[in-house]
Amino acid sequence: MTCGCDKNTHAERVLPGTLEMTGRHPCYSYQAHHKYARMHLPVAPRCNIGCNYCNRKFDCVNESRPGVTSEVLTPEAARDKFLLVREKVPNLSVVGIAGPGDALANWGSTKKSIKLIREADPEAIFCLSTNGLMLPDYAGEIVELDVRHVTVTVNCLDSATGARIYRHVNYRGQVLRGTAGVEILLGNQQKGVEYLARSGVLVKVNIVMIKGINDGHIPAVVQRVKELGAFITNIMPLVPAPGSVFQHFAPTNKSELDRMRDLCGQDMRQMRHCKQCRADAIGLLGDDRSLEFSTAGKQRDANCSDCAQSDKVAAVS
Ligand code: CLF
Ligand code: SF4
């Protein structure tokens, strides 16, 4: 078993079959990432919060490198792309939805994509990534859809810190600024993590490490999400996105990141092989093949050989 962890106590809640799936999940299992590929379906263009490290011309920075943009697909096109990729990438194991905005801010498309692919391939393993704002609304449906792996980005626990990270929260049509919106966001993240974990979903918590903002209390975040039942945490470096509020911040220093992961690793399983991949990533984590399967990428490739070197595929509004 590749994903067992004596630092966590969730095992008794895990549903039959989940650990076998996790052994083929390249993000949840270090060993699996050398062997198994994932594909992301870019079906979720909108976002419902404003992170200061994000520039919405690009993919969601909670799961992606800044400066990477992806095309957007309808659920039907996503299903067709899945079928094509499954044929060409025999080690494909996981189908993830990670933007380019937030999977749950586009719940209709996200849900329909999962259903269409499930009909086409009952064996597909699904994975979602979200900022967590809408988890109290949709976690029940996520469980009903039998999605076993969900990532929630939780950067802090208190609204004062959160107000330095999030510009606004758009909650059910109301745009809230300052701590009012952040309190809802942080509360919903924690409720969502707990609900999912109690329902047998393996929750990965991503944390963006921002020096001088949240780095001082990342161990407290890790401790809290562990109490809520999270399976693993993924402490990610801040990579300042051009055009974002934090564009002039220093990128997180690698040795400081490693020290934080070591510290938090005393309590909680840590992911250390994240590639901050794009919202339409395809292939092994270290060997992205998305351009091979991207219509926009192929058009650019045909027009200009320089563009083929670029990660940028199509701007997302
Ligand atoms: Fe995608 Fe994320 Fe699922 Fe993996 S990515 S939705 S958990 S299938 Fe993986 Fe990519 Fe890191 Fe994300 S390497 S950015 S952690
Ligand atoms: Fe950007 Fe993702 Fe934050 Fe939304 S949740 S603002 S897409 S980083």
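Counting starts at 1 for both ligands and their atoms, in listed order. Hydrogens, waters and symmetry mates play no part in the numbers below; they use all other heavy atoms, side chains included.
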Ion pair check, Lys191 and Asp137, cut-off under 4.0 Å: no
Shortest protein contact, atom 3 (Fe) of ligand 2 (heavy atom only): Cys51 SG, 2.3 Å
Residue pair Glu63, Lys204: steps toward the salt bridge (charged side-chain N to carboxylate O under 4.0 Å, His left out) verdict: CA-CA 12 Å; Glu63 283 265 317; Lys204 175 163 71 62; 3.5 Å; yes
Salt-bridge criterion met for Glu119 and Lys115 (N-O under 4.0 Å): no
Asn62 contact mode with ligand 2 (heavy-atom cut-off under 4.0 Å): both
Donor-acceptor contact below 3.5 Å, side chain Asn206 vs main chain Thr153: no
Protein heavy-atom partner closest to atom 11 (Fe) of ligand 1 - residue, atom, separation in Å: Cys274 SG, 2.3 Å
Heavy-atom nearest neighbour in the protein, as seen from atom 2 (Fe) of ligand 2, with distance rounded to 0.1 Å: Cys60 SG, 2.2 Å
Contact check: Cys47 to atom 3 (Fe) of ligand 2, N/O/S below 2.8 Å: no
Which of the ligand 1 atoms, numbered from 1, are nearer than 4.0 Å to a heavy atom of Lys275: 11 (Fe), 13 (S)
Under-4.0 Å salt bridge between Lys275 and Asp288: no
Parallel, tilted or perpendicular: ring planes of His149 versus His25, cut at 30 and 60 degrees: tilted
CA sep, side-chain torsions, deciding dist, call: Glu76, Arg79, salt bridge (charged side-chain N to carboxylate O under 4.0 Å, His left out): CA-CA 5 Å; Glu76 291 77 12; Arg79 184 259 328 271; over 6 Å; no
Salt bridge flag under 4.0 Å for residues Glu71 and Lys81: yes
Contact with ligand 1 for His273, non-hydrogen, under 4.0 angstrom: no
Heavy atoms from other residues, nucleotides or ligands near CZ of Arg198 exceed 12 (cutoff 6.0 Å): no
Parallel, tilted or perpendicular: rings of Tyr28 and Phe231 (30°, 60°): parallel
Closest protein heavy atom to atom 1 (Fe) of ligand 2, given as residue, atom name and distance to 0.1 Å: Cys54 SG, 2.3 Å
Test item: side-chain donor near acceptor, Asn214 and Thr161, under 3.5 Å: no
Heavy-atom gap Ile49 to ligand 2 smaller than 4.0 Å: yes
Minimum-distance protein heavy atom relative to atom 8 (S) of ligand 2: Val61 N, 3.3 Å
Under 2.8 Å from atom 4 (Fe) of ligand 1, the protein N, O or S atoms, given as residue and atom: Cys27 SG
